[in-house]
Colleague: 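The structure's right below; bear with me while I get my questions together.
Because only heavy atoms are used, hydrogens play no part in the values below, and waters and symmetry mates are left out as well, while side chains stay in.
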Amino acid sequence: MNEPNSDNRPIAVNEPASEDGPIAETPLTSFSSRVKAELCRPAVSKPCCALAEALGVLLYAHTFSLREARIITENDEFAARLPRLFRRAFGVTFDILPPEGRTGRRSFLITDAKKLETIFNAFGFDTARTVALHINLAIAEDDCDRAAFLRGAFLAGGSVIDPGKRYHLELLTSHQSVCRETYSLLLEMGFRPREARRGAGYLTYFKKSGEIEDLLTTMGAPVSAMELMQTKVEKHMTNTINRLTNCDMGNAGKIADAAGVQLDAIRAIESGPGLDALPPALQETALLRIANPSCSLTDLAQLACPPVTKSCMNHRIRKLMEYSRELGGGQPS
């Protein structure tokens, strides 16, 4: 069923899109599961959208062939949606359903030849010959149908990482032609996806938060998109606060180092000629520094009586430093 790469677009071989390897279906509290739950909330209504969503589900499902269609999921909402979706799209039921009340990994199976023929015919596939699975673009022609197809693909073969950790959304299929056509479809919709190989699978994925937000909204998960945006804002604020805190700590360290040198100079003057030997302005500056060892020059300038500019306070400090070095060279001017 998998065809060789016939175009010139590079595909990274055996290079996972996620640094942590495959993204497994995660517990119900995960961001990915919340996205799928939101995608399943709207009713399966329009027949065209139901058919497009079912096409996405089957092309990204565990198995879809002339012999069987098998969909495996751990998501409760998707498991509840599947029977309704297939009745609406094809008028068929599953041959094997998970036991009622079962949670965790569940399998939905169709093996009846007539049902499979009905499904393949609905997609415009010719069952009289070997079928190379692909996206029938006539089914995903309108905007609502394209959104439904992507929703189905994500529900069956998609994952998105918690945005608090990093940004990564992917669609995984075992059919190279489907991956390639999904890539092209997303390009037509204004997205900029990437492609890669993961073992025997083919990935279409995103790593930019803005594109993930737009894709979630397009598929029908605006609440999850807002959650991602809020998380991004919170991360930005946290990073900004940390950066400013580190900057303030660095500045405080520099102020403390400079003040220590200045206090050493003032003590040298005290032990020599004494502070009384200083002109009034320098004497005031020396006393201010002794009383406020952690203040910046700007703060010292405001504490002077009358207040002076930072430049003026800096000049006075430099005169104190010079006088300390000279000591016996006469009073400073």
Colleague: Under 4.5 Å between any side-chain heavy atoms of Tyr167 and Lys232, yes or no?
Modeller: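 When only atoms from C-beta onward are counted, Lys232 and Tyr167 do touch, with a gap below 4.5 Å.
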Colleague: With heavy-atom distances below 4.5 Å as the criterion, would you say the side chains of Thr218 and Asp143 are in contact?
Modeller: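 The answer is no, as the side chains (C-beta and beyond) never meet within the 4.5 Å cut-off.
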Colleague: For Asp142, which residues count as a salt bridge (Lys or Arg N to Asp or Glu O under 4.0 Å) partner, sequence neighbours excluded?
Modeller: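 Asp142 satisfies salt bridge (Lys or Arg N to Asp or Glu O under 4.0 Å) with no other residue.
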Colleague: Are Ile72 and Ile119 in one and the same hydrophobic cluster, where Ile, Leu, Val, Met, Phe, Trp and Tyr link if side-chain heavy atoms are under 4.5 Å apart?
Modeller: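 No, Ile72 does not connect to Ile119 through the hydrophobic network.
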Colleague: So do the side chains of Phe31 and Thr231 get within less than 4.5 Å of each other, counting heavy atoms only?
Modeller: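 Not touching, per the 4.5 Å side-chain cut-off.
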Colleague: Would you compute the distance between atom CZ of Arg316 and atom CE of Met313 and round it to the nearest 0.5 angstrom?
Modeller: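 Atom-to-atom, Arg316:CZ and Met313:CE are 5.5 Å apart.
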Colleague: Rounded to the nearest 0.5 Å, what separation is found between the CZ atom of Arg106 and the CG atom of Asp76?
Modeller: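 If I round to the nearest 0.5 Å, the distance is 4.5 Å.
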Colleague: With sequence neighbours left out, what residues match Glu38 under side-chain hydrogen bond (donor to acceptor under 3.5 Å, both in side chains)?
Modeller: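 Result, side-chain hydrogen bond (donor to acceptor under 3.5 Å, both in side chains) vs Glu38: Ser224.
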Colleague: To the nearest 0.5 angstrom, please state how far the CG atom of Leu82 sits from the CG atom of Leu155.
Modeller: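 With rounding to 0.5 Å, CG (Leu82) is 8.0 Å from CG (Leu155).
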Colleague: Of the non-hydrogen atoms in His134 and Phe125, which two are nearest, and what is the gap between them?
Modeller: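 Nearest pair, atom of His134 first, then Phe125: O-CZ, 3.2 Å.
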Colleague: For Glu141, is the CD atom crowded, meaning more than 12 foreign heavy atoms sit under 6.0 Å from it?
Modeller: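 Count not over threshold, so no.
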Colleague: Of all the heavy-atom pairs spanning Val44 and Ala50, show the shortest one and how long it is.
Modeller: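 That closest heavy-atom pairing would be CG1-CB, 3.7 Å.
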Colleague: Report the distance from atom CD of Glu170 to atom CZ of Phe154, rounding to the nearest 0.5 Å.
Modeller: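 Here the rounded value is 9.0 Å.
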Colleague: So which atom in Gly124 and which in Asn136 form the shortest heavy-atom distance, rounded to 0.1 Å?
Modeller: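 Smallest heavy-atom distance, with atoms named: CA-ND2, 4.1 Å.
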Colleague: Which residues pass the salt bridge (Lys or Arg N to Asp or Glu O under 4.0 Å) test with Asp95, not counting sequence neighbours?
Modeller: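 Testing Asp95 for salt bridge (Lys or Arg N to Asp or Glu O under 4.0 Å), a comparison that skips the adjacent residues, returns Lys115.
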Colleague: Can you tell me how far apart CG (Leu288) and CD (Gln302) are? Round to the nearest 0.5 Å.
Modeller: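 Rounded to the nearest 0.5 Å, the CG-CD separation comes to 11.5 Å.
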Colleague: Could you see if Leu297 belongs to whatever hydrophobic cluster contains Met321? Use Ile, Leu, Val, Met, Phe, Trp, Tyr and a side-chain cutoff under 4.5 Å.
Modeller: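 Yes.
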Colleague: Just wondering, do Phe206 and Glu211 contact through their side chains at under 4.5 Å, heavy atoms?
Modeller: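 SC-SC contact between Glu211 and Phe206 confirmed.
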Colleague: Taking only residues two or more places apart in sequence or in another chain, which ones pass ring-ring contact (aromatic ring centres under 6.0 Å, His included) with Phe94?
Modeller: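 If we apply the ring-ring contact (aromatic ring centres under 6.0 Å, His included) test to Phe94, skipping adjacent residues, the hits are Phe86, Phe108.
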Colleague: Take Tyr205 and Arg194, measure what side chain to side chain contact (heavy atoms under 4.5 Å, CB included) needs, and give me the verdict at the end.
Modeller: CA-CA 5 Å; Tyr205 68 100; Arg194 303 181 189 180; 3.5 Å; yes
Colleague: Answer yes or no: is there a donor N or O on one side and an acceptor on the other, between the side chain of Thr173 and the main chain of Leu59, under 3.5 Å?
Modeller: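 Between the backbone of Leu59 and the side chain of Thr173 there is a qualifying donor-acceptor contact (under 3.5 Å).
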Colleague: Taking 4.0 angstrom as the limit, do Asp264 and Arg267 come out as a salt bridge?
Modeller: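 The answer is yes: the pair qualifies as a salt bridge.
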Colleague: Report yes or no: do Phe78 and Leu97 belong to one cluster of Ile/Leu/Val/Met/Phe/Trp/Tyr joined by side chain heavy-atom distances under 4.5 Å?
Modeller: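 In one cluster: yes.
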Colleague: In the hydrophobic cluster built from side-chain contacts under 4.5 Å, what are the other members alongside Ile96?
Modeller: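 Its cluster partners, ordered by chain and number, are Leu109.
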Colleague: Between Phe123 and Phe64, what is the ring plane arrangement, given parallel below 30°, perpendicular above 60°, and tilted in between?
Modeller: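 Correct class here is perpendicular.
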Colleague: Any side-chain heavy atom of Leu320 within less than 4.5 Å of one from Gln262?
Modeller: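 The answer is no, as the side chains (C-beta and beyond) never meet within the 4.5 Å cut-off.
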Colleague: Side chains of Leu187 and Arg192, heavy atoms from C-beta outward: is any pair under 4.5 Å?
Modeller: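 Yes; the side chains approach each other to less than 4.5 Å.
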Colleague: Which salt bridge (charged side-chain N to carboxylate O under 4.0 Å, His left out) pairs, counting each pair once, include a residue from residues 39-53, with sequence neighbours left out?
Modeller: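 Non-adjacent pairs meeting salt bridge (charged side-chain N to carboxylate O under 4.0 Å, His left out): Glu53-Arg81, Glu53-Arg151.
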Colleague: Check whether any side-chain N or O of Arg88 sits under 3.5 Å from a backbone N or O of Gly91 as a donor-acceptor pair, and report yes or no.
Modeller: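 No.
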Colleague: Using a 4.5 Å cut-off on heavy atoms from C-beta on, say whether the side chain of Leu216 contacts that of Val223.
Modeller: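 Side-chain contact under 4.5 Å: no.
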Colleague: Return the minimal non-hydrogen interatomic distance between Ile139 and Ala122, and the atom names on each side.
Modeller: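 Minimum heavy-atom separation between Ile139 and Ala122: CD1-O, 3.8 Å.
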Colleague: Is there a side-chain contact between Phe149 and Leu185, using heavy atoms and a 4.5 Å cut-off?
Modeller: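 Yes; the side chains approach each other to less than 4.5 Å.
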Colleague: Tell me, with the steps shown, if Leu51 and Phe90 meet side chain to side chain contact (heavy atoms under 4.5 Å, CB included).
Modeller: CA-CA 8 Å; Leu51 187 62; Phe90 315 114; 3.5 Å; yes
Colleague: At their closest point, which heavy atom of Val57 faces which heavy atom of Ala156, and how far apart are they?
Modeller: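 Minimum heavy-atom contact is O-CB, 3.3 Å.
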Colleague: Verify the cluster assignment for Met226 and Ile161: are they in a single hydrophobic cluster under the rule of side-chain heavy atoms below 4.5 Å apart?
Modeller: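 Different hydrophobic clusters.
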Colleague: Tell me if a side-chain donor or acceptor on Glu181 pairs with a main-chain N or O of Ile135 at a distance below 3.5 Å.
Modeller: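 Checked: pair present.
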Colleague: Can Asp299 and Ser296 be said to form a side chain to side chain donor-acceptor pair (under 3.5 Å), step by step?
Modeller: CA-CA 5 Å; Asp299 294 335; Ser296 65; 3.3 Å; yes
Colleague: How far apart are the C-alpha atoms of Leu133 and Leu58, what are their side-chain angles, what is the distance that settles it, and do they pass the side chain to side chain contact (heavy atoms under 4.5 Å, CB included) test?
Modeller: CA-CA 10 Å; Leu133 294 181; Leu58 287 167; over 6 Å; no
Colleague: What is the distance from atom CD1 of Ile110 to atom CZ of Arg67, rounded to the nearest 0.5 Å?
Modeller: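 One finds 15.5 Å between CD1 of Ile110 and CZ of Arg67.
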Colleague: Ignoring hydrogens, what is the shortest heavy-atom contact between Leu203 and Cys179? Give both atom names and the distance.
Modeller: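 In this case the closest contact between Leu203 and Cys179 is O-SG, 3.5 Å.
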Colleague: Would you sort out whether Thr285 and Arg289 count as a side chain to side chain contact (heavy atoms under 4.5 Å, CB included), showing the intermediate values?
Modeller: CA-CA 6 Å; Thr285 299; Arg289 174 49 82 200; 5.6 Å; no
Colleague: Do Thr217 and Asp214 pair up side chain to side chain, a donor and an acceptor below 3.5 Å, judged on atom types alone?
Modeller: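 The answer is no; no qualifying pair exists.
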